[in-house]
Amino acid sequence: MKLGFIGGGYVGLVSAAGYASLGHNCQVIDIDKKKVDAINNAVAPIYEEGLDELLKKITVSKHLVASTNYSDLANCELIFICVGTPSGKDGSINLSYIKSCAEQLGKMIKLQDNFPIIAVKSTVVPKTTQSVVLPLLENHSGKKAGVDFGIAMVPEFLKEGSALSDFNSPDRIVIGVNDKKSSDALKKLHSHFKCEILEVPLATAELIKYASNSFLATKISFINQIANLCDVLGLDVDDVAKGMGLDSRIGKQFLKAGPGFGGSCFPKDVKALMHFSSQNGIAPTILESVMGVNYLQPQRMLKLALEATGGGPANLIGKTVSVLGLAFKPDTDDCRESPAIPLVEELLKMNCKIQAYDPKGIDNFKKLFPNLQYAKDMESALAKSHACFIVTDWKEFKKPISYYESKMAFPLIIDSRRILDAKTKAKAIYRAIGKGGTS
Ligand code: UDX
Ligand code: UDX
């Protein structure tokens, strides 16, 4: 099939690459010319495992082509809208990219005489596809949905860092549709996937996405609160999570306590669902708590450090401090809403000299904090520092504590993800979120 993707970010590019690898002809459209050139030169503008190698294959075979020009979407059977849906100041969803995209698509459809199907993949609040996208498409094309073109909502569930494998082995595919031709085309496109394909009304598909992300975020805030209790009680949260997760009704995943959830989706989507619920007269009390816990969680890292050094800030003020991990999770270069951001802000208030390191995220973090000292590797980030904060659980940070001790001036280690083996410590003052009694 000839497929179009508007927006060549994490969602659009990974999805296009995935479908291209299955033999479809994929046209990516992005307003960012630099991104378009990079994609056509087989250089992924983001770090995602396996993406560079895949791009090399599919750009050479011309199964994937990028451009800035909507007219290149002519004759696409299916066009996926994958532009960003950022948060407004009040947490509500900002639909300006979606609207501009629908307007331009409408003008493009006007010139088409096939039956293109427009599928929204961006995360949008319920009824956006029906009440915002569809009228814009009709008004700018002079054509009728269901008669001249199809409309659908197909949410994505790709995790950064494992997005290509998530694409190839989805847990489910959700298809929101209200016309048969769109339903048939989307089922055909996904027919070889082994998982269940769930066909639902447009707004149900939209809400499934928000409810899924918000539920996963709830699990994380829940276990983080239990982790903080474990700190006080001297218990290990991983034991508690294991005991909970073995109950198949609860499940093992997304019970890893840490410095709080970040990324381009969870914080933005929970806030948007809160705002949307309130607008619809349903108080989002659970989600308020989820965000409340998540807002405070990065501060736990500092709290543990200050408690370990006598309670007040005196022992950290002006000191050299290592921050290991800037990306919001491992295996990505994405730093959006990373828990490292509030931590660095607090450390800067204390005039700490920060030596920051991340295997992939430095360039993106530099855009937020241009003046930090960025280390070329983990060893130089640790050199002569008085405290080390492990924020992201990159594999390369998992070393014996003696390694940390040998590099640091004073080995105070705050391990927010519990990746180090506390038993191997000698001199170090080791504190970990959710692992009470580690001193
Ligand atoms: C984003 C959202 O975070 C996610 O919730 C939603 O489901 C899809 O969009 P992501 O792919 O991570 O996911 O966004 P981003 O990396 O910002 O990519 C969006 C791309 O769209 C960018 O490359 C941007 O240049 C492009 N874009 C944006 C357009 O091509 N046209 C526009 O009008 C706006
Ligand atoms: C998420 C959703 O999982 C995906 O389905 C959706 O479509 C896009 O948003 P992503 O943000 O890429 O994916 O990463 P995810 O693995 O879900 O992690 C999100 C955040 O939660 C990260 O900051 C991660 O460190 C944190 N997390 C995750 C935990 O703190 N504990 C966990 O157990 C799991």
Side-chain angles (χ1 to χ4, degrees), residues 5-16 28-36 38-39 45-46 48 66-68 70 80-87 93-105 120-125 153-163 166-167 170-172 206 208-210 212-217 219-224 227 237-238 241 245 251-270 272 294 297-298 325 327-332 334-340 364 391-393 416-417 433-434:
F5 297 82
I6 306 174
Y10 286 84
V11 173
L13 182 57
V14 170
S15 304
V28 173
I29 304 293
D30 201 291
I31 42 172
D32 184 340
K33 173 90 170 59
K34 268 198 203 148
K35 215 172 249 190
V36 163
I39 296 170
I46 50 168
E48 185 64 43
S67 88
T68 53
Y70 273 69
F80 292 96
I81 297 181
C82 308
V83 295
T85 48
S87 290
I93 187 168
N94 173 348
L95 289 175
S96 56
Y97 298 142
I98 293 278
K99 287 180 185 165
S100 120
C101 184
E103 282 173 24
Q104 297 187 66
L105 265 178
V120 176
K121 210 173 231 321
S122 303
T123 303
V124 291
V125 293
M153 201 284 148
V154 188
E156 53 79 23
F157 301 101
L158 309 173
K159 296 187 296 303
E160 289 180 26
S162 58
D166 288 350
F167 175 89
D171 286 343
R172 78 303 208 183
E206 291 164 333
I208 286 173
K209 173 63 196 262
Y210 275 103
S212 301
N213 271 3
S214 299
F215 186 75
L216 293 171
K219 279 185 100 172
I220 298 169
S221 275
F222 183 89
I223 200 66
N224 282 340
V237 69
D238 290 326
K252 293 179 189 165
Q253 295 193 53
F254 281 70
L255 285 179
K256 184 125 194 300
F261 56 78
S264 70
C265 288
F266 283 1
K268 151 179 99 64
D269 292 349
V270 176
N294 200 57
Q297 198 61 13
F328 81 100
K329 61 184 266 189
D331 303 320
T332 179
D334 194 346
C335 296
R336 289 179 282 183
E337 305 269 349
S338 168
N364 283 332
V391 189
T392 317
D393 40 346
S416 77
R417 311 267 186 174
I433 288 182

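In listed order, ligands and their atoms are each counted from 1.
In this structure, K209 pairs ionically with E156, as a charged nitrogen and a carboxylate oxygen lie closer than 4.0 Å.
For ligand 1, the polar-atom distance check finds no N/O of C265 at less than 3.5 Å from any of the ligand's N/O atoms. Residue contacts with ligand 2: S264 is placed with no nitrogen or oxygen under 3.5 Å of a nitrogen or oxygen of the ligand (distance criterion only). Checked against a 3.5 angstrom limit, the closest N/O atoms of K268 and ligand 1 fall inside it. The shortest N or O to N or O distance between Y10 and ligand 1 is below 3.5 Å. Looking at F328 next to ligand 2, an N or O pair under 3.5 Å apart turns up.
Which parts of ligand 1 touch D30 is read off a 4.0 Å heavy-atom cut-off, strictly below it: atoms 20 (C), 21 (O), 22 (C), 23 (O), 24 (C), 25 (O), 26 (C), 30 (O). Close approach to T123 involves these atoms of ligand 1, each under 4.0 Å from a residue heavy atom: 5 (O), 6 (C), 7 (O).
Under 4.0 angstrom from ligand 2, there are no non-hydrogen atoms of I223. Looking at C82 against ligand 1, only its backbone comes within 4.0 Å, counting heavy atoms. Residue contacts with ligand 2 for E160 involve both N, CA, C or O and side-chain atoms from C-beta outward (heavy atoms, distance under 4.0 Å).
For the pair Y10 and D334, the minimum side-chain heavy-atom distance is below 4.5 Å. Proximity of D166 to F157: side-chain heavy atoms (C-beta onward) are nowhere separated by under 4.5 Å. Using a 4.5 Å heavy-atom cutoff, the side chains of K219 and F215 are in contact. Counting heavy atoms from C-beta outward, S15 and F5 have side chains that approach closer than 4.5 Å. In this structure the side chain of F261 reaches within 4.5 angstrom of the side chain of P267, judged on heavy atoms.
The shortest separation from a heavy atom of K209 to ligand 2 is under 4.0 Å, placing the residue in contact. Using a 4.0 Å heavy-atom cutoff, R417 is listed among the residues neighbouring ligand 2. The closest approach between any non-hydrogen atom of I31 and ligand 1 is below 4.0 Å. Ligand 2 is never approached by G258 to a heavy-atom distance shorter than 4.0 Å.
The protein heavy atom nearest to atom 17 (O) of ligand 1 is R336 NH1, 3.5 Å. Regarding atom 31 (N) of ligand 2, its nearest protein heavy-atom neighbour is K256 O, 2.8 Å.
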